[in-house]
Amino acid sequence: MTGIKCEITIISNQRMGNDKEVTKETYEGMFLDRGEKKYLSYKRQTEDGQIDCLLSYGSGRITMSQQGGLKSKLEFVPGKKTENMYQTPMGHMVVPVYTRGLSIKNNSEIIEIMLDYDIALADAIQTYMEITIKMI
């Protein structure tokens, strides 16, 4: 993917019952603007190997895809529940996601995405994610 080099910072606040976890990760990536649809690509290293990540957004929705040791495609549409596929070395899972909110603010140098959603497994995982993209 060609585009503009960027720095992607993802802060994820997850809560399951009384347990709370906050993570912050920063990646070098590429941003591509195709008019109504925008794309961010980056790579991350996990215990399962390198994962190629693609985040696309536009028309009031976000899609996050991963390829590599883990494969998934999650779609986030505010006010909607979506059924998503998540493939791990242990097998396939259908992951229902309910998106409570989505906010995208951008200018020529910084894009801020706020994503508020629940992963509705046995015990719901409440997630509030802040994604900041700085053009390099």
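We're numbering straight along the sequence, starting at 1.
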Residues at least two apart in sequence or cross-chain that pass salt bridge (Lys or Arg N to Asp or Glu O under 4.0 Å) with Lys43, listed by chain then number, are Asp52
Hits for salt bridge (Lys or Arg N to Asp or Glu O under 4.0 Å) against Glu112, two or more places apart or cross-chain, chain-then-number order -> none
From [atom1] ([X]) to [atom2] ([Y]), nearest 0.5 Å:
{"X": "Ile4", "Y": "Glu109", "atom1": "CD1", "atom2": "CD", "result": "11.0 Å"}
{"X": "Ile51", "Y": "Gln45", "atom1": "CD1", "atom2": "CD", "result": "8.0 Å"}
{"X": "Glu130", "Y": "Leu115", "atom1": "CD", "atom2": "CG", "result": "11.0 Å"}

- prompt: Is Ile10 reachable from Ile104 through a run of hydrophobic residues whose side-chain heavy atoms are each under 4.5 Å from the next?
  reply: yes
Is Ile11 reachable from Ile113 through a run of I, L, V, M, F, W or Y residues, each pair having side-chain heavy atoms under 4.5 Å apart?
no
Residue set satisfying side-chain hydrogen bond (donor to acceptor under 3.5 Å, both in side chains) with Asp33, at least two apart, ordered chain then number -> Lys38
The side-chain hydrogen bond (donor to acceptor under 3.5 Å, both in side chains) partners of Thr132 (sequence neighbours excluded) come to none
Taking all heavy atoms of [X] and all of [Y], pick out the closest pair and write down the distance.
{"X": "Met129", "Y": "Tyr117", "value": "CE-OH, 3.4 Å"}
{"X": "Gly60", "Y": "Leu102", "value": "O-CD2, 3.6 Å"}
{"X": "Ile8", "Y": "Gly29", "value": "CD1-CA, 4.1 Å"}
{"X": "Cys6", "Y": "Leu40", "value": "SG-CD2, 4.0 Å"}

Side chains of Ile131 and Leu55: closer than 4.5 Å at any heavy-atom pair?
yes
Contacts satisfying ring-ring contact (aromatic ring centres under 6.0 Å, His included) that involve residues 44-63 (not counting sequence neighbours) are none
Q.
Could you go through Tyr39 and Arg34, starting from their C-alpha distance and side-chain angles, then the distance that decides it, and tell me whether this counts as side chain to side chain contact (heavy atoms under 4.5 Å, CB included)?
A. CA-CA 8 Å; Tyr39 299 90; Arg34 293 278 190 209; 3.8 Å; yes
Residues at least two apart in sequence or cross-chain that pass side chain to side chain contact (heavy atoms under 4.5 Å, CB included) with Glu83, listed by chain then number, are Lys81, Val94, Pro96
By side chain to side chain contact (heavy atoms under 4.5 Å, CB included), Arg100 pairs with (sequence neighbours left out) Tyr98, Asp116, Asp118, Gln126
Identify every side-chain donor-acceptor pair in residues 16-26 under 3.5 Å, counting partners at least two apart or on other chains, and give the distances.
| unit_1 | atom_1 | unit_2 | atom_2 | d |
| --- | --- | --- | --- | --- |
| Glu25 | OE1 | Tyr27 | OH | 2.8 |
| Thr26 | OG1 | Thr9 | OG1 | 3.4 |

Side chains of residues 62-78: which donor-acceptor pairs under 3.5 Å do they make with residues two or more places apart or in other chains?
| unit_1 | atom_1 | unit_2 | atom_2 | d |
| --- | --- | --- | --- | --- |
| Gln66 | OE1 | Arg44 | NE | 3.3 |
| Gln66 | OE1 | Arg44 | NH2 | 2.4 |
| Gln66 | NE2 | Ser72 | OG | 2.9 |
| Glu75 | OE2 | Arg61 | NH1 | 2.4 |

